[in-house]
Visitor: 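Here's a structure for you.
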Protein chains: 2
Amino acid sequence: MDTDDEFRIELPHRELLDQILDKWSLSVLNELCERPCRFNELRRAVPQVTQKSLTATLRRLERNGVIEREVVSTRPVAVRYRITPLGKTLRPPVDVLLAWASENMPAIARAREAFDAQAGSD
Amino acid sequence: MDTDDEFRIELPHRELLDQILDKWSLSVLNELCERPCRFNELRRAVPQVTQKSLTATLRRLERNGVIEREVVSTRPVAVRYRITPLGKTLRPPVDVLLAWASENMPAIARAREAFDAQAGSD
DNA sequence: CAGGATCCGGCATGATACTG
DNA sequence: CAGTATCATGCCGGATCCTG
């Protein structure tokens, strides 16, 4: 029973996951889930991210509606990022995934060692 | 132990997610969840992936223990990939995530439109 | 059939300098 | 403080050719 008539242009979720689960998004969302943050607060919270990448990440997350950007017109200007209701709903699925990662980290580590050992003895 | 150290080397899960949730992994895992596949079967199932990327993806997934590679020494040689028990445990978390994606796709689409419209009026 | 090896282009990422 | 602009680059992914 071959149903090869199904058009499969790669999962539509793929693009979405790329936007929300990319390199720095989880760290940023993790911070913003606890409290609203300013730009440089986030930089300090995630020291490895460069300013450029952080800007890109924030823009992307904002565009997808999971975080909000609020500009406070004080003297030098202040920007506060906070998570949106939509962004909060992202937490449980991500936690499930991270739970899986934590739980299976040892098994995966073992698998890697076995694989690398076998590859090395070749 | 001081807390001022920059010991905060990004989430340990980050690297794991990169390996398992990368561009083609979900499509491949999705196929292998249904049935074991040979190399070119997978190529047909995921037409967009190149041979190189597919090889890399399979290697990576195999190294992390979520799929298995079985070489059948027939004449031209046959290789069968199948999902492992560990790989099967990955399904629920991924499904939860994809469910979230499906459920919130409309909201995200709206957020994007709003964002783009505002950006366009600049 | 199932890959390995190689070349190459694009984009993501990083470092640096500058601005409102 | 919160970015933008620019340049350099590294790596991913695609295309092509070759092998057991």
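Please read these numbers as outputs of a predicted model, since none were measured by experiment. Naming: A, B, ... by sequence-line order, numbering from 1 per chain.
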Visitor: Can you check the B:Gln48 CD to D:dA15 P distance for me, whole Å?
Guide: 11 Å
Visitor: I need the single residue from A:Thr84, A:Val66, A:Leu90 that forms a side chain to side chain contact (heavy atoms under 4.5 Å, CB included) with A:Leu61. Which is it?
Guide: A:Val66
Visitor: Between A:Arg44 and A:Asn40, does the side-chain contact (heavy atoms from CB on, under 4.5 Å) criterion hold? Intermediate values first, please.
Guide: CA-CA 6 Å; A:Arg44 281 188 293 274; A:Asn40 281 336; 4.0 Å; yes
Visitor: Reading DNA chain D from 5' onward, which residue's closest nucleotide shows up sooner: B:Val49 or A:Asn40?
Guide: A:Asn40
Visitor: Give the angle between the helix axes at the two ends of the helix from C:dC1-D:dG20 to C:dG20-D:dC1, taking five base pairs at each end and rounding to 10°.
Guide: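 Taking five pairs per end, the axes differ by 50°.
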Visitor: Rounded to the nearest Å, what distance is computed from the CG atom of residue A:Leu42 to the P atom of nucleotide D:dA2?
Guide: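 Going from CG in A:Leu42 over to P in D:dA2 covers 9 Å.
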Visitor: Please determine whether residues B:Met105 and B:Val96 belong to a single hydrophobic cluster, defined as Ile, Leu, Val, Met, Phe, Trp and Tyr linked transitively by side-chain heavy-atom distances below 4.5 Å.
Guide: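 The answer is no; the residues belong to distinct hydrophobic clusters.
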Visitor: Measure NZ/A:Lys52 against C1'/D:dT6 and give the value in whole Å, please.
Guide: 8 Å
Visitor: Is any side-chain N or O of B:Ser53 closer than 4.0 Å to OP1 or OP2 of D:dG14?
Guide: yes
Visitor: Mind checking side-chain hydrogen bond (donor to acceptor under 3.5 Å, both in side chains) for A:Arg59 and listing every partner two or more places apart, or none if nothing turns up?
Guide: none
Visitor: Side-chain polar contacts of residues 69-79 of chain A - donor-acceptor pairs under 3.5 angstrom, sequence neighbours left out - could you list them?
Guide:
residue	atom	partner	partner atom	Å
A:Glu70	OE1	A:Arg82	NH2	3.0

Visitor: Got a sec, which pairs hit salt bridge (charged side-chain N to carboxylate O under 4.0 Å, His left out) with one end in residues 47-56 of chain B, sequence neighbours left out?
Guide: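 As it turns out, there is no salt bridge (charged side-chain N to carboxylate O under 4.0 Å, His left out) pair with a partner in residues 47-56 of chain B once direct neighbours are skipped.
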Visitor: Could you check how far CD of A:Gln51 sits from C1' of D:dC7, rounded to whole Å?
Guide: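 Result: 14 Å.
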Visitor: Does A:Tyr81 place a side-chain N or O at less than 4.0 Å from the phosphate oxygens OP1/OP2 of D:dG3?
Guide: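 Affirmative; the distance criterion is met.
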Visitor: Can you find a side chain N or O atom of A:Arg59 that sits less than 4.0 Å from OP1 or OP2 on D:dT4?
Guide: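 Yes, such a contact exists.
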Visitor: Between B:Pro76 and A:Arg60, just flag the one whose closest nucleotide in DNA chain C comes earlier from the 5' side.
Guide: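 Closer to the 5' end of DNA chain C: B:Pro76.
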Visitor: How would you label the contact of B:Arg38 with the nucleic acid (heavy atoms, under 4.0 Å): base, sugar-phosphate, or nothing?
Guide: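 Sugar-phosphate contact only.
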Visitor: Where do A:Val49 and A:Leu54 come nearest, in terms of heavy atoms and distance?
Guide: CG2-N, 3.6 Å
Visitor: For A:Arg43 and D:dA2, what is the distance between atoms CZ and C1' respectively, to the nearest whole Å?
Guide: 10 Å
Visitor: Give every residue pair that meets the salt bridge (charged side-chain N to carboxylate O under 4.0 Å, His left out) criterion with at least one member in residues 94-106 of chain B, sequence neighbours excluded.
Guide: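 Those involving residues 94-106 of chain B are B:Arg91-B:Asp95.
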Visitor: Using whole Å, what does the distance between atom P of nucleotide D:dA2 and atom CG of A:Leu58 come to?
Guide: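 My rounded result for the distance is 11 Å.
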Visitor: Are any of the side-chain nitrogens in A:Glu15 or B:Arg112 under 4.0 Å away from the carboxylate oxygens of its partner?
Guide: yes
Visitor: Could you list where the contact with chain B starts and ends along DNA chain C, reading 5' to 3', using a 4.0 Å heavy-atom cut-off?
Guide: C:dC1 to C:dC7
